[in-house]
Each structure stands twice: as structure tokens, then as C-alpha cells.
Amino acid sequence: MTTAHDLGQPFMTPLAVADPGGLIQSVDWVAVAPPLIAALAALAVLVADLFLPEARKRLLGWLSAAGLLAALAALIPLVGDARSTFCFTGPAGGCSYTADHFALAFQLLALGGALLTVLLSLHTVDGAAPNSGSAAGLPGGEYWFLLLSSACGAALLPAARDLATLVIALEVATLPGFALVGLRRDGRGAESALKFFLSSVTATAVMLLGVSFVYAAAGTVQLQGIADGLAHAPGQLKPLAEAGAVLTLVGFAFKTAAVPFHFWVPDTYVGAPLPVAGYLSVVGKAAGLSGLALVTTLAFRPYGHTWGLVLAVLAALTMTAGNTAALRQRADTPHGAVRLLAWSSVGQAGYLLVPLAAAGYADSAEPLGATVAYALIYGLVNLGAFGVVALVGGSGRLDGFRGLAGRNRWAAFALAFFLLCLAGLPPGVVGLFGKVVVFRSAVDAGLGWLAVVMAVNVVIALAYYLKWTALLFAPSAGEAGEAGEAGEPAATRRTPAGLGAALGLAAAGAAVLSVAPQLVLRVVSGSLF
Amino acid sequence: MNLALPILVPVLPALGAAAGLATGRRYPGLARPLAVLPVAVSAVLALVTALQLGTGATLDAGTRLAPTGGPDLSLALHLDGFSSVISVLVGLVATCVQVYSTAYLKDDPRYPSYAALVSLFTAAMFLVVYSGDLIVLLVGWEVMGICSYFLIGHDWEGADARTASLKAFLVTKLGDVPFLFGLFLLGADAGSFRITEVLRTAADGGLHHPTLIALLLLAGVAGKSAQFPLHTWLPDAMAGPTPVSALIHAATMVAAGVYLVARLLPVFLLSSAALLVLAAMAAVTMVGSALCALAQDDLKRVLAYSTVGQLGYMTGALASGDRQAAVFHLVAHGAFKALLFLTAGVVIHAAHTNSISAMSRIDGLRRRVPDAYWTMGLGLAALIGLPPFAGFFSKESVLTAAEHAARGEALTGHLGPASAVPAAAGWTVLVAGLLTALLTAAYATRLWLVAFHARPVAAAPADAPYSPEPDEADPAHAEPGAMRWPLWVLAVPTLGFGLLGLRTDWLPALLDGEPLRPAVATVALGLGAALAGILIAYAAWRRAGARTAAGQPAADPGRLLLGPAYGPAQHGFGVDRLYSALFVRPTGAAARLVRFLDRAVVETYVRGAGAAPGWLGRAVRFAQTGNAQGYLSALLAGAVLLAVLVAVGS
Amino acid sequence: MSTLLAAAGPLEPAARSYLSPTGQEVVFLLVGVLVLGAAVVSVTTRRLVHAALWLVVALGGLAVEFLLLTAEFVAWVQVLVYLGSVIVLVLFGLMLTRAPIGRSPDADSGNRPAALAVGLASAATLVTLVVDAFRSSWIDLSGAAGTTRVTGEYLFSHWVLPFEALSVLLLAALIGAIVLSRTQGGRARPRAGKLRTAPTKPKER
Amino acid sequence: MHLAYPAVLAVLLFSVGVYGVLARRNVILVLMSVELMLNAVNLNLVAFDVWLRDTLHAGQALTLFTITIAAAEIGLGLAIVLLVYRTRRTAAVDEVTALGDRHEADGQGADDQGADDHEAADAAKEQAAA
């Protein structure tokens with residue numbers, strides 16, 4: 001794979017030539033610290049992987065966790081006023097990178113989700129530890145590097161303020177994902193990586209075509225500039241601009257797993273290592289969502305009603321398709337648990353899109369707060385659920401969870417709690433609040449029909465979440481069949497430290513938010529941009 | 001007054017539960033004090049709070065919890081006479097149950113977790129009673145539900161306990177979903193989840209969809225309070241330990257639905273349709289459950305069906321617009337039904353069977369458990385509604401309320417105009433109430449006579465139903481004191497509580513201030529019906545006894561009344577034929593109806609609701625062929641379609 | 001940005017006719033037809049290796065088009081990257097997956113009708129949109145817009161952030177490709193044997 | 001030059017790419033078609049950049065970025081294709097369908113087994129070669 005080097009060459013030459021003093025944009029290092037630290041940590045891991053002896057490779061995981069913690073800590077000084085950097089020196093002005101509340105919230109989600117994923121995968125990665133549920137471990141150094149670079153892209157994306165940076169950040173977040181999905185290098189991993197890859201590449205091409213149209217109509221790729229440009233664009237260019245805007249949404253909708261761009265999701269999640277599936281379902285989705293939110297509310301504001309309607313229809317289709325498909329999940333198919341979570345994540349993506357659609361109708365960025373709040377809640381809870389599935393291991397059949405409460409009480413309670421949060425039932429009050437906030441944004445924006453569709457979907461979703469929850473507390477099948485075979489070996493093992501820590505963090509976070517939802521709901525009322 | 005006291009009331013049992021769970025396995029010795037003490041202290045505090053609050057006063061305090069952007073959430077306290085009365089009842093019953101359980105589950109290895117769950121349950125119930133905010137109330141409501149599922153499934157080795165807890169979970173959840181939507185709609189309409197705010201908005205006419213809200217809320221109430229058609233979980237829930245039945249399924253949790261409607265009655269008064277539905281629900285529930293109770297052989301199931309029926313009285317009172325009567329009956333019933341369940345526990349403990357026909361074959365059962373014998377007599381008398389027991393006054397107040405409503409003069413207090421209650425609701429409740437009084441008297445008499453007064457014959461058949469107790473006491477020994485004295489404690493309110501309603505400056509002053517004295521006409525009707533029921537049951541029992549004397553197989557009047565196998569033998573007895581016409585067939589029909597509802601309606605609902613999404617889901621998953629090219633086709637076609645639509649649309 | 005549009009003067013009334021093309025336009029059109037034809041052959045031919053070679057023609061033609069549009073640097077990068085590396089990679093890939101050298105009857109999948117429909121629909125939609133929008137727009141090609149020097153200036157005065165993000169992307173792609181194409185050698189080698197005895201394999205089916 | 005020429009050429013090229021992506025069976029040919037789509041976008045971007053006389057040269061910058069992205073993607077994509085070929089013995093996109101729902105429904109365990117057998121055989125062969 002020497003291409004990459006060859007490719008880098010033509011660009012590297014001018015870097016040496018260019019006068020750094022006069023030409024290069026000034027940089028506010030504090031503002032860009034979160035994604036930067038993630039990228040540096042990735043590099044550090046890669047280098048350390050070369051020098052560490054085989055026995056000490058476990059340290060790499062903790063190093064990655066530390067890097068992500070540092071990146072998270074770098075968010076703290078940014079709270080408060082928005083800071084911009086990488087500003088254009090020309091007459092148009094504007095900046096490429098802005099760390100405002102919106103960006104911080106999604107960076108928190110991306111980096112926090114990545115941190116939880118690191119903790120979840122600590123025991124999967126070590127090749128020597130065969131207790132991953134999968135047949136073999138994953139190559140350590142590369143795994144951490146790819147995860148961190150993807151997290152870096154996901155953290156960069158919400159702060160990006162021009163289409164070029166957005167597109168590249170999206171690619172940085174996605175591309176390592178292909179490799180992560182296929183990293184087990186078995187048949188299933190390869191197949192799911194292939195599907196993920198093909199869908200993603202095609203969606204990227206479509207999105208880039210849309211970007212080119214938008215660029216033609218608006219004359220710039222800066223989000224704010226596009227809004228001005230589109231507002232004053234000649235009437236002749238309007239159909240092209242609107243089509244371009246909608247095509248641009250495709251790439252992000254693909255990451256968010258909106259119907260009809262969702263097909264890769266179940267197949268990919270099933271084939272990917274479990275932590276990676278959880279990562280994609282949370283951080284990947286967060287990246288797509290933040291991109292969607294940015295381009296719709298900042299760049300395409302003049303066409304609010306067009307994409308508002310498009311997103312509303314997509315949201316309705318997505319939640320309906322995801323939930324109904326999850327409802328059909330049979331208990332005895334292999335990897336049924338992951339598949340159910342995959343379909344449920346498609347359904348949840350539908351809810352997440354609702355406030356975005358509402359923002360188009362309400363012609364303000366205010367409803368976005370609901371998406372941010374719901375995404376934070378969903379991320380925490382969904383990663384937790386993936387964690388428990390990873391802990392239980394086995395063949396991943398839903399039947400394998402029968403009577404989990406008898407074998408591993410804490411895991412069963414945690415999973416039940418996460419599922420109830422996802423379903424939005426008490427005591428998972430936080431999920432309920434999230435749904436209420438989303439619901440209200442739809443009603444407030446006058447999207448009554450979407451609210452009704454959502455309510456029906458919430459009820460449909462109850463069925464499969466509750467069925468699974470009930471399964472946890474049902475008695476184990478008496479016969480020494482699949483259930484025993486799948487569950488026992490996993491349950492009798494000691495819970496790995498990283499996995500336990502991740503589950504504890506997720507459960508504690510969800511519990512705290514259930515008691516004090518104002519912590520996350522505050523973003524609903526505050527201004528984001 | 002000091003806010004710390006009412007706050008401590010729900011907090012103490014919750015802390016006790018946490019401590020119990022934390023230390024239970026390591027220090028089993030601590031389990032008992034940790035179970036009893038916090039609950040007992042809470043009961044005392046509840047009483048002190050009630051006394052401090054006094055009559056006619058209300059207390060509201062709250063702190064804003066979560067700015068959701070829309071209706072605010074707040075951790076709010078709302079104390080008034082209703083909450084005082086009910087919290088004292090909860091405290092009393094919970095303390096008795098905890099004390100009783102120390103002996104009843106003495107050797108149960110799971111006792112610590114059991115006691116912690118009961119404490120947690122008590123805390124949740126206190127939270128529901130004291131909460132001034134609907135969402136906080138909902139939290140308590142759900143925690144109660146969860147504790148109850150676990151407690152029903154306490155003996156999870158048995159299949160019936162497992163299915164019962166699952167059934168309770170599913171059926172109540174079926175009601176909870178519309179309930180949630182109702183709450184949110186209410187909060188959205190009123191702009192707040194504070195109960196005081198909601199009621200103020202309701203009074204100002206600010207609610208836009210009162211009927212929809214009321215009907216949605218009713219679904220949750222029907223689930224929680226075991227009203228038709230969601231009542232089916234309660235009789236099955238008797239698979240749990242008997243003290244749990246006394247606490248949860250008689251005195252407290254099932255009353256939560258009634259209490260909620262009582263708190264939100266002004267909302268319901270805005271919608272006559274909702275009141276009519278409530279009345280119809282109450283009528284079907286009480287009559288149906290009384291018929292079922294007459295048909296049961298399991299002692300606890302008789303009591304369970306009777307609970308369902310008495311809850312029907314309460315909802316009937318609410319449908320008549322009189323929440324005073326509803327809460328009066330709630331408290332009275334809570335006391336005597338808890339008493340009945342606890343005595344039932346003692347009797348079952350001693351007789352080693354749940355079956356009353358099997359008990360009838362045991363020689364000297366009543367001498368073996370004298371405390372239970374006498375206190376159960378008191379409880380049954382209260383259940384029948386004989387003066388001067390508590391049940392008499394409370395039931396009469398319900399009938400009086402219904403009678404007023406039927407005449408168009410509903411006793412709504414100051415909550416709304418009397419015309420808000422449709423006369424039809426009053427008539428429905430009144431007629432059903434009288435019929436139920438008759439049936440209640442009949443089954444209570446049958447229970448009492450068959451269990452204790454039959455002549456001893458052969459040993460019990462091996463297949464008689466029995467809830468196995470972990471502590472198989474030697475039948476020759478009396479039950480421990482901890483199981484006996486709570487009976488007498490509870491017998492006190494069973495005897496005397498009703499008298500409090502006699503004077504307006506006693507109990508009514510604490511509630512809405514209307515008199516609770518029974519009217520002469522309803523007393524005559526109600527008492528007449530009750531006496532008739534007693535006589536009919538007594539006659540049937542005599543007949544059954546006579547048949548036994550004639551050398552036929554041992555029979556109890558219940559079997560006599562029900563068993564179609566006894567049909568040929570019934571020809572000679574006119575009374576039996578009358579019973580048969582009156583009871584057996586309707587009972588059979590009711591049983592069939594219940595079964596039909598259970599199987600056909602509920603399952604069809606679930607399936608029917610699942611069918612459409614099912615097909616859709618199959619279609620979605622059918623598209624998931626695994627062929628990436630198909631996925632790409634959908635992706636690109638979707639993109640092109642979007643572009644076309646947008647371009648055409650603009 | 002409207003000022004910018006006005007400066008470019010793209011929407012001035014159709015002063016230039018489509019009937020009298022300039023020399024540049026004629027060359028552009030001829031090369032364009034070549035590119036399009038090569039692309040069509042590339043996606044329809046049954047010889048897999050030929051498809052790759054026709055792709056070379058199409059992409060090379062595109063480089064010429066870039067040159068005609070005065071984007072000099074982009075054109076060179078196109079030649080370097082695509083013709084120099086991507087096509088070589090593709091040929092390697094075809095070789096490693098033992099693609100038949102001659103005609104393979106199953107080069108197209110059963111999805112062809114759908115493909116044709118979607119392709120035609122997209123062509124119709126996009127051409128309509130583009131023609132409708134740009135029928136009177138004129139590109140003023142005077143002044144070199146894309147020399148190496150200009151490119152260096154704009155890249156490093158305006159696009160530093162995406163450029164740096166791109167380096168992360170390239171590194172990640174490199175590492176990912178390496179780790180994926182590494183065979184199960186090294187520490188994962190004993191896997192084949194381990195698989196057979198692995199307890200997680202469902203046996204009862 | 002009329003802007004319509006490059007623009008129409010670009011969208012036609014894009015559509016040809018779309019057809020190729022959907023019609024080709026070999027994954028590598030699908031990848032090549034994707035490259036066509038991306039190149040069509042590049043042509044668009046360059047043309048618009050020149051037409052707009054963009055002082056920031058956003059179009060050309062984005063074109064360079066796109067070329068790089070395309071190269072990175074095809075590098076990683078080929079690695080994935082080789083991985084698929086190694087484990088499943090095919091590079092035909094419509095034969096790699098083991099994870100679909102239809103297959104899950106009728107006994108994916110067997111299919112999985114088959115896939116892993118491929119892998120095992122593969123590993124064994126490599127060993128023999130070495």
C-alpha cells in the first residue's frame with residue numbers, strides 16, 4: 001500500500017516551500033486541542049506499538065484511554081464563549097473551525113463514546129486473551145490507532161465550518177471504520193467491511209456531487225457563506241442548488257443510517273467486532289448527525305422547508321423500518337442480539353432525525369438541542385447495551401440471554417436498565433425524557449403527523465425491548481441446549497476489568513442522568529451556535 | 001411545619017431497603033431490624049405529619065428539578081387530608097406486614113431481599129401519596145410496579161409464580177403506556193406537571209382535551225387498580241407470599257390508581273364521557289369479580305377477587321363524583337382486607353392448604369387458630385358491610401354517593417358542579433353496588449362457613465391447592481406471636497374506623513368536608529342485600545351439609561353451586577335450582593368471558609397490533625438480502641428520487 | 001457571494017451562441033466524447049483487464065480536460081495519482097483475485113436492469129438540472145487559475161485544516177490497508193487449529 | 001467556454017459510474033466505477049472553480065482533497081477485497097451475502113461454518129506453501 005506515500009508526496013513539496021510566517025493561517029491551539037490530542041495519541045500509540053515488547057502491549061489500550069481522557073479534558077477550557085480558528089484571510093472572512101456549544105456537545109459524545117469503546121475493547125484486543133467471544137483477538141497497535149484516528153475525525157466534524165473540512169472529517173471518521181470492521185480478518189468481518197465500504201464510498205460520491213452543485217450555486221464552501229449565497233442565488237440556479245443540498249445530505253444520512261441508506265447497518269454490525277459495532281452505532285451516528293445538523297441549519301437555512309420535509313419523511317421511514325424489522329428478530333438466530341441492536345439503532349436514528357426536521361420547519365436552530373440531548377443519552381445507553389452483549393458473549397443468540405439474571409445478576413440488571421432506557425420506560429427515566437424532548441420539538445414545529453408516527457413507533461419498540469428484558473429474567477431453559485452452552489462459559493468467567501469499568505461508567509452515567517436529567521437537558525434550552 | 005418530617009417518610013424505608021440489600025447476605029442478623037424499624041418509624045412520622053398538618057390544611061413545597069424547556073419538573077410535596085389518611089394507613093399496614101413477615105418467612109434464605117423490596121415498595125407508595133408532581137408520582141408508581149413483580153415472583157422456583165409475575169408485568173404495562181401519554185398530554189395542556197397547577201388549569205377551563213386525557217389515564221388506573229378488563233393479573237398474583245398479597249394487592253398498590261383519580265378528580269369531572277366509562281368499568285368489575293369470588297376454592301383467590309370488587313366500589317364512588325367516599329372506602333378496605341389476608345396466611349399456615357374445601361375436612365381448625373378465626377370473622381363482617389364495622393360505613397357512603405349522583409345531586413364537594421356527573425353513572429353504580437353487596441355477603445358467608453364450620457370427614461385430597469410455606473410449622477403448635485398480634489392491631493381500625501365518618505368534624509373535616517353519614521334509604525337497601533346474601537349462602541351451606549349427612553361424597557356449597565357434575569342431584573332442591581339459575585350459569589358465563597377476554601381480546605390486541613408492523617418488518621428484512629449491490633441500488637435510487645422530487649418541487 | 005457571482009459574470013444574457021464554438025470548446029468536446037466513450041466501454045466490457053485499461057483512457061482524458069480548464073496542478077496530480085498509482089493498484093487487485101484475462105461471461109450481475117434504470121434516471125435528472133441552470137453561463141478562461149504556485153498559495157493560506165486532517169486520513173488508510181492485507185501469519189497463525197477446538201462454535205445444530 | 005459542456009460531461013460521467021456500480025459483478029470493477037463517479041465530481045468542481053473565479057479556490061482545493069480521498073479509499077478498498085477473496089474465495093459482490101437476513105433466517109450457522117472452513121483451508125494452504 002505504498003500509494004498513500006506516493007500521494008502524499010506532491011502535497012508535501014509545497015509545504016516545504018510555503019512561507020509559514022506569512023501565508024499559513026494562524027491557529028488557536030486550545031480550540032483545536034480535542035481532535036488534535038486524539039490524533040497525537042493515535043500517532044503515539046502507533047509509534048509505541050513498534051517499540052513495546054509483546055508482553056507490554058496491553059499498555060497501548062490504557063494509553064489510548066488516557067489520550068481520550070486528555071482530549072476530553074481539553075474540552076473543559078472551551079466551555080463558555082465560542083472560539084474560532086483557521087480563519088480565511090480573504091475578503092469573505094469566516095473560519096474553518098469553531099468550538100461553540102454545539103461542537104463541544106458532539107465532541108463530548110464522540111470522544112466519550114470512543115473512550116467507552118476503548119474500555120469495552122480492552123479485553124477483546126489482546127490476541128492472547130481468547131475470551132472475546134470472537135474466535136481470535138485483534139491486532140493491538142493498529143486497532144487503537146484506527147480507533148483514535150476515527151475518533152479524531154468524529155471530534156473534528158462538529159467543529160468544522162466549511163464543506164471541505166466537513167467532507168474530510170467525515171471521511172476521517174469513516175475510513176478507519178472499514179478497517180476496524182474487518183480487523184478480525186475472518187469471513188464475516190470481511191463481508192461486513194465490504195458492505196460498509198461500498199455503501200460508504202457510493203454515498204460519499206453522491207454527497208460530493210451535491211457539494212459541487214451547492215458550490216456552484218453559492219460560490220463558496222463556507223457554511224455561513226453558503227447560507228448567504230443561496231439566499232441571493234439567481235432563480236435559474238435554484239433547482240440545482242436544492243438538488244445539491246439534498247444530495248449533500250445523503251452522505252451524512254448514510255452515516256446516521258437513515259432509510260434508504262441503512263442497509264449496511266445490520267450486516268456490518270453483525271460482522272464487526274462487538275465494540276466496533278457499538279462504536280459505529282454511537283460515534284459514527286453522532287458524526288453523521290452533527291454533519292447533518294451543521295449543513296442543514298447553517299448552510300441550507302434558506303431552503304428550510306425543502307430539507308425539513310425530506311428529513312421528516314426520512315425520519316418517519318427510518319424509525320418505522322428500524323422498529324418493525326427489530327420486531328421480527330427471532331430469538332434463535334445467531335447474532336440475534338447484535339442484529340436486534342442494529343435494527344434498534346436504525347429506529348433510534350429516526351428519532352434523532354426528528355428535531356432536525358423540526359428545525360427546518362421552525363426555521364431556527366432551537367430544536368437541535370433535542371437532538372443533542374437525545375444523542376448524548378442514546379450514546380451512553382447504547383454503548384452500555386453493546387457492552388453487556390459483549391460480556392455475555394457466546395453465539396449472540398437472543399436465547400442465550402434467557403435467565404441471565406440467574407447467572408450474572410449485575411449484567412442482567414445493567415442490560416435491563418439500558419434496554420428500558422432505550423425503550424423510554426421508567427426507571428430508565430432519562431430515555432423517557434429524551435423521547436419527550438424530541439416529541440415536543442416535533443409538536444412545536446407543527447409536525448403533528450411525525451409526532452404521531454413517532455408515538456406509534458415508541459409503542460412498537462416497547463414490544464421488542466420488553467421482550468428482551470423479560471427474557472433476561474425468565475428461567476433458564478432446563479435442557480442443556482443452546483442457552484446453557486452460550487451463556488455459561490461467559491458468565492462463569494470473571495468480568496474483565498475494562499469491560500466492567502465501561503459498563504459501570506455507562507450504567508452510572510445513565511443512572512445519574514435518570515435522577516438528574518437536567519444535566520443533559522440543559523442543552524435543550526441553551527443556544528448552540 | 002417542619003418539612004423534614006414528611007420528606008423522611010418516604011426516604012427512611014428507601015434507605016432501609018438499600019441497607020438491607022447491601023448487608024443482607026453478609027449480616028443476616030441485621031435483616032430483621034433493618035426491615036421493621038425504618039418502616040415503623042416512617043409510620044409514626046406519617047402519623048405525626050398528619051397530626052401536625054391538622055384538618056382542612058394543605059401544604060405545598062417544591063423545588064424545580066429539571067428545566068425540560070417545556071413543562072417543568074419539580075420535586076414537590078403536596079400534603080392534605082387525603083394524603084394524611086392514606087399515608088397513615090400505608091404506614092400501619094406496612095409495619096404490620098413487616099412484623100408478620102419476620103415470622104412468616106423466618107427460614108426463607110431470600111428473606112433479606114424480600115424485606116428490602118417490601119421496604120422499597122413502602123417508600124414508593126409514600127412517594128406516590130406525598131408527591132405534588134405528576135412525574136415524581138410516576139416514578140413512585142413504576143417503582144411500586146417493579147417491586148411488586150419481584151415480590152410476586154418471590155417463589156420463582158414455581159412455574160405459577162413466574163408466569164404470574166410476568167403476567168402482572170405485561171398487563172400493567174399495557175395500561176401504563178396510554179397512562180404515560182395521558183400524563184404528558186396533561187402536562188403539556190396545563191404547562192406544568194405540578195398537581196396544583198394542573199388542577200388550577202382544569203378549574204379555569206384551560207385543558208383542551210379533558211376526555212382524551214381522562215380516558216388515557218383511566219387505562220393506567222385500570223391496570224394498576226386491577227379494574228376490568230385489566231384485572232386478570234391480580235388473582236394470579238396471589239402466587240406471591242401471603243404478606244405481600246396483604247400489603248400490595250389489598251391495601252396499597254392497587255389503591256394507587258384510585259388515589260390518583262381522586263387527586264385528579266377535577267380533570268375527570270370535566271368529561272362526562274370519562275365518568276360514564278369509569279362507572280361502567282366499576283359496575284362490570286364489581287359484579288363480575290363477586291361472581292368469580294363465589295366460584296373459587298382457593299382462599300387467597302377468593303380474597304383477591306373480593307379485592308377487585310371492592311376496588312370497583314371505590315372507582316364507582318369516583319364515577320359518582322364523590323372522592324371522599326372513595327378514599328373512605330379505600331382506607332377502610334385497606335385495613336380490613338390486610339387483616340383478612342394476614343389471617344388467611346395464618347390459616348393456610350396451620351391447615352397446610354389453600355383450599356377451603358380441604359380446610360373443611362380438618363378437625364378443629366378454628367380451635368387450632370383462635371386468633372385467626374375471630375379476626376377473620378371481624379374482617380368478613382366488615383367486608384359484608386355489617387354495622388358497626390368499618391366496611392358498613394364506607395360502603396354505605398359509596399352507595400349514598402351513587403344515589404345522590406343518580407338523582408342528579410352528585411356530592412362533588414367544591415370540585416365541580418353536581419351536574420358534571422351524569423345520572424346514568426350514578427344509576428349504574430348504585431344498581432351494581434347493591435347487587436355486589438348481595439353477592440359479597442354470599443361469598444363471604446360461604447367462605448366463613450366452609451372453612452371453619454364444616455363437619456370433619458376424611459383427609460384432604462392430595463391434589464388440593466396449597467402455597468407451600470418455607471416454615472412448615474408443627475400443626476400442634478400455635479403460630480408465633482409476631483404472626484398473631486398484627487391481626488389484633490389491624491382489627492382495631494376494622495372495628496372502629498367507620499365511626500370516624502359519623503361526625504363532620506372528624507374524618508370529613510380532614511377530607512373535603514362533606515358529611516359521610518349514610519342515608520337511611522341506602523342503608524336499608526344495602527343492609528337488606530347483605531342480609532339476603534348471608535341467608536342465601538347459609539341455606540346453601542345447610543343443604544350441602546345435609547347432603548353430606550345423607551352419605552354422599554363430601555361437598556361444600558361452593559362446589560354444590562358450581563359443579564355441573566352435581567346437576568342430577570340438584571333436582572330435589574328448589575333453592576339450589578334457584579342458585580343455579582342465579583349464580584352458576586352467570587358465573588360460568590363470567591368465567592368464560594374472563595377467559596375469552598384473557599385469551600382472545602388481549603392476545604388478539606397484542607397480535608393485531610403486532611400484525612401490521614410484523615408485515616412491514618418482514619418486508620424490511622426481506623429487502624436485507626445480503627447482496628451489497630441491492631443495497632447500493634436502493635441507496636442510489638433513493639438519492640435520485642430525492643433529487644427529482646426536490647427539483648420538481650422547487 | 002453575490003458580488004463574486006457578478007464579477008464572474010456567469011449569467012449575462014446568452015451572448016455566446018452554442019453554434020459557433022471556440023477552438024478550446026471544440027477540443028474540449030472531442031476529448032469529452034472520448035472520455036465518455038471510454039467510460040462507457042469500461043463499465044460494459046466483459047474483459048476485466050480491458051475495463052481497467054479503458055478507465056486509464058477516461059481518466060487521462062479527464063486530465064486533459066483539467067488542463068483545458070486551466071487547472072494545471074490538478075491535471076498533473078490526476079495523472080500522477082490515478083495513472084501512476086490507482087490503476088496499477090487496480091490491476092494488482094484483479095491479478096490477485098485471479099480475474100480471468102479473457103472474456104468472462106459473468107462480468108455483469110443480475111442487477112443490470114435496475115442499474116440501467118437508475119443510471120438513465122440519474123442521467124436524465126442531472127442533465128436536465130445542469131442544462132437548465134447553466135445554459136447561459138460562460139467561463140472566462142483568461143488568467144491561469146491553477147498553476148503550481150497559485151495552488152500552493154491557496155492551499156496553505158486557506159485550507160490548512162482540511163489538509164492536515166487529510167494527512168490523518170492517509171495514514172489511517174495506509175495502516176488499515178496494511179493490517180487488513182497482512183495474512184493471518186505471526187501470532188494469529190495457529191488460529192486454524194484453534195478454531196476447530198474453540199468452545200464457542202455451536203455444535204448442536 | 002460554455003459552462004454547460006463540462007457540467008453535462010460531468011453528470012453523464014457520473015451516471016455512467018452509477019450504472020457501473022450497480023451492474024458490475026466483480027468488486028474491483030465496482031470500485032472502478034466509483035472512481036468514475038468521483039472523477040465526474042472533480043470535473044464539476046474544477047469547472048465551477050474556474051467559472052466562479054473563486055479567490056479561495058475552494059473548488060480546486062476540494063478537487064485535490066477528493067483525489068486524495070479516492071486514492072485512500074481505493075487502497076483500503078482493495079485490501080478489503082483481497083480479504084474477502086481470501087476468506088470467501090470470490091470477488092463477486094452478489095456472492096458475498098452470508099450476513100443478509102434471508103440467510104440468517106435459514107440457518108446462518110451452517111453458512112458461517114462454511115466461511116470459516118474456507119478460512120481454515122486457506123490458512124492450511126498458506127502453511128503448506130511456506
Side-chain angles (χ1 to χ4, degrees), chain A residues 1 3-8 10-11 14-15 17-18 23-25 39 46 86 88-90 96-97 127 133 135-136 139 142 145-146 149 152-153 156 164-165 168-169 171-172 175-176 178-179 182-183 185 218-220 225 228-229 232 234 236-237 239-240 243 334 393-395 481-482 485 489, chain C residues 1-2 4-5 8 11 73 76-77 80-81 84-86 88-89 125-126 129-130 132-136 148 151-153 155-163 165-184 187-188 191 194-195 198-204:
Chain A
M1 297 305 111
T3 359
H5 270 321
D6 295 347
L7 285 176
F11 305 122
L15 178 60
V17 174
L23 281 173
I24 292 185
Q25 293 165 308
L46 197 59
F86 289 106
F88 293 98
T89 44
S96 284
Y97 186 102
E142 290 89 347
F145 168 76
L146 291 169
S149 21
C152 162
L156 172 62
T165 314
I168 290 172
E171 283 303 307
V172 175
L175 204 118
F178 308 145
L183 209 53
R185 289 174 294 189
T220 178
D228 300 337
H232 303 117
Q236 203 181 358
L237 292 181
L240 187 76
S395 67
E482 158 66 21
E485 184 269 328
Chain C
M1 287 306 110
S2 48
L4 215 154
L5 280 180
L11 292 170
F73 186 73
W76 294 132
V77 169
L80 264 177
V81 171
S85 333
V86 169
V88 176
L89 265 183
T125 316
L126 294 176
L129 274 175
V130 166
D132 185 46
F134 298 129
R135 60 180 176 272
S136 57
T148 311
T151 308
E153 275 171 12
L155 267 186
F156 291 99
S157 56
H158 303 302
W159 304 105
V160 178
L161 179 64
F163 188 86
L166 210 55
S167 57
V168 177
L169 178 78
L170 280 176
L171 191 57
L174 182 73
I175 300 290
I178 288 173
V179 74
L180 282 188
S181 42
R182 200 164 61 197
T183 49
Q184 308 272 339
R187 54 185 142 162
R191 223 193 116 210
K194 231 163 71 179
L195 241 184
T200 48
K201 274 254 83 67
K203 285 282 183 237
E204 80 284 0

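Here is the naming used below: chain letters follow the sequence lines, and residue numbers restart at 1 for every chain. No experiment lies behind these values; they were computed from the predicted model shown. Values reported hereafter were calculated over all heavy atoms of this structure, with side chains retained and with hydrogens, waters and symmetry mates removed.
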Q: State the CG-OG distance between C/Leu170 and A/Ser149, to the nearest 0.5 angstrom.
A: 11.5 Å
Q) Rounded to the nearest 0.5 Å, how far apart are CD1 of A/Ile168 and CG of C/Leu166? A)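 Reported to 0.5 Å precision, the distance equals 4.5 Å.
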Which atom pair, heavy atoms only, marks the closest approach of [X] to [Y]?
X	Y	answer
A/Glu142	C/Ile175	CG-CG2, 3.8 Å
A/Leu146	C/Ala172	CD2-O, 3.6 Å
C/His158	A/Ser96	O-OG, 4.4 Å

Q | Evaluation steps, side chain to side chain contact (heavy atoms under 4.5 Å, CB included), between A/Leu156 and C/Leu161 | A | CA-CA 10 Å; A/Leu156 172 62; C/Leu161 179 64; 4.2 Å; yes
(Q) Under the criterion side chain to side chain contact (heavy atoms under 4.5 Å, CB included), I'd like the reasoning laid out for C/Leu180 against A/Phe178: C-alpha separation, chi angles, the key distance, then a yes or no. (A) CA-CA 10 Å; C/Leu180 282 188; A/Phe178 308 145; 5.9 Å; no
